[in-house]
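Protein chains get the first letters and strands the later ones, always in sequence-line order, with residue 1 at the start of each.
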Amino acid sequence: MIRYLRLYAHFMRFSISKALEFRLDFFFRIFMDLVYYGIQIGFYQAIFMQTPLLGGWSRDQSLVFMGGYLVVDAISMTLFSNNMWMLPVAINRGDLDYYLVRPVSSLFFLSLRDFAANSLINLGFAVGILAWTVLRLPEPPHAVSLLLFLAMLPFGAVLHYQMHLVSLLPVFWMGSGSNLHGIFYSFARCMERPDRIFTGWIRRLLVSVLPFCLMASFPARVFLEGPHWPILLHFAAVITAFFLFIIFIWNRGLRAYSSASS
Amino acid sequence: MNIAWIFYLQGVKAALSYRAEFWINFAGSVGSQFCVAFFLWKAVFLARGTDTLQGFTFAGLMLYSLLVPLVERSVMAPDMMGIAGEIYDGGLSRYLLYPLAYFQVKYASSLAQSTLYQGQTAVILAVYAAVFGSSGITPVSLMMGLTAIAFAGWLGFWLLANLEMLAFWADNVWSLAVMNRMAGWLLGGGMIPLAFFPAWARSALEWLPYIRLLSFPIRCLLGQVGWSEWLFGLVMTVAWSLVFAGTASLLWRKGLRVYAGVGI
């Protein structure tokens, strides 16, 4: 474990020094995420000009949910996203060879080696927006609910990473993975809406097999409606199940991997 | 054979080279966007307890939401056009050595993708009309809409070309292209129809280019635009295209002076 932590510290150091070599791009990326945050706030303001409630939540409650998914997105962008972009390329071109021969978990290396320093700054902005939305609530938050909410958000980001990885793993068997990102990001929009607007089998799908609605909605529900054990257990069970599923598929994928031009 | 035509055909072949992915991506992105819009607006209509919102019925909003990803794919290339990449890796040099009109070639490739997406749009609209009825789409509105999409594709090309050519000076312009897409998504009426914006915002957006990329072609397809507004919209699209074509030409000339041709 200590070895992995030390390795991750090296990843962070290299990534930050690399990011600061391309300063204009570094600031462009920060600004890009700020535009995204502005668009999300603008969207919810426009929606609540039409309705008093969305999925059972008021404007203030929905803004807390929005702040939550901005934090989930920022954590995911900081830790995982750059690595996920490169994963299909590494598999397709045979670059995976270089990771397989190293004496550490190849999945750990490929998932975390690039730390997005610019997104760390955006994480600060996202946390600021979340704090602003929490302070807007008419009643002061319950301390336990708030702590659980804050503890669940990083796990929401882990689930986001897991779903991204699952969407990319077919590249082991397909010729190209360039379009797989597009599919993931299209589905990831479900994360940006309260889970209770979805109904029927689509809702069941979005809280189980494609758990985009768990990432931010469930933490927000714990915060806004109080701790509820079935929600917490459901959340933990899905993350664990996806972890095991990924390990299984990764190992199957490595068996199918035939180095360059696989 | 005309060089641009050759590049157009190559672009079609490239887009279809991974057919399964092409169609899976198409179905996944359009289906998921439509699904999110369906449940969002259903929740809003239920909470509000009304039949219409800003002049849209639920069915009308669903058709609008279906058209957004279809038109977006036709007018805003999903990926960058490769100009920035060619500047970074020196691939631009081959265009400079041979008697090729660079923007003509790039536009032909971009048009190839756009044509395929327009074909997909036509298929989806035909299926929709067969299942749910025409919903205001007539042969005239279809003609007006497809013309607006063609013009919007030209505008989208020049807009993105400007951003990509900043690669002559900037380390990476990918984030600018993403910002452009996000701005188009909100300010062009992709996220929600512009009718849901306050009046002052709608008046301001009328003079920006983004409204010509999404909202205007979609409203044309839906038969919500009269002849005079259609003509005004096309004139505005052409005007913005000419502005961006002019700045692209300027950036091209200035950029070539600093282009190092790495990779020759």
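Looking only at side-chain heavy atoms (C-beta outward), Arg29(A) and Asn172(B) come within less than 4.5 Å of each other. Counting heavy atoms from C-beta outward, Arg203(A) and Phe39(B) have side chains that stay 4.5 Å or more apart.
Residue Leu40(B) touches chain A through both its backbone and its side chain, counting heavy-atom pairs closer than 4.5 Å. Ala201(B) does not touch chain A: none of its heavy atoms, backbone or side chain, sits under 4.5 Å away. With a 4.5 Å cut-off on non-hydrogen atoms, Phe26(A) does not touch chain B at all.
Taking CE of Met179(B) as the start and CZ of Phe28(A) as the end, the distance is 6.5 Å to the nearest 0.5 Å. Between Phe198(A) atom CZ and Phe38(B) atom CZ the span is 11.0 Å, to the nearest 0.5 Å. Distance CD1/Ile192(B) to CD/Gln50(A): 7.5 Å, rounded to 0.5 Å. Atom CZ of residue Phe196(B) and atom CZ of residue Phe43(A) lie 10.5 Å apart, to the nearest 0.5 angstrom. Rounding to the nearest 0.5 angstrom, the gap separating the CZ atom in Phe187(A) from the SG atom in Cys35(B) is 8.0 Å.
Cation-pi contact between Arg193(A) and Trp41(B): absent, since separation from the ring centre below 6.0 Å together with deviation from the ring axis within 45° is not met.
For Arg136(A), the CZ atom is densely surrounded, since the number of other residues' heavy atoms within 6.0 Å is greater than 12. More than 12 heavy atoms of other residues, nucleotides or ligands sit less than 6.0 Å from atom CZ of Phe11(A). Within a 6.0 Å sphere centred on OH of Tyr185(A), other residues, nucleotides and ligands contribute more than 12 heavy atoms.
The shortest non-hydrogen separation linking Met182(B) to Ile39(A) is O-CD1, 3.3 Å. The nearest pair of heavy atoms linking Arg48(B) to Thr51(A) is N-OG1, 4.4 Å. Here the shortest heavy-atom pairing between Thr199(A) and Lys42(B) reads OG1-NZ, 3.5 Å. For Gly28(B) against Ser186(A), the heavy-atom pair with the smallest separation is O-CB, 4.2 Å. In this structure, Met49(A) and Pro198(B) approach most closely via the heavy-atom pair CE-CG, 3.8 Å.
Counting only distance, with no hydrogens or angles, the side chain of Arg189(A) and the backbone of Val36(B) share no donor-acceptor pair below 3.5 Å.
Comparing Ile202(A), Leu24(A), Leu53(A) by how many heavy-atom pairs each has under 4.5 Å with chain B, the most go to Ile202(A).
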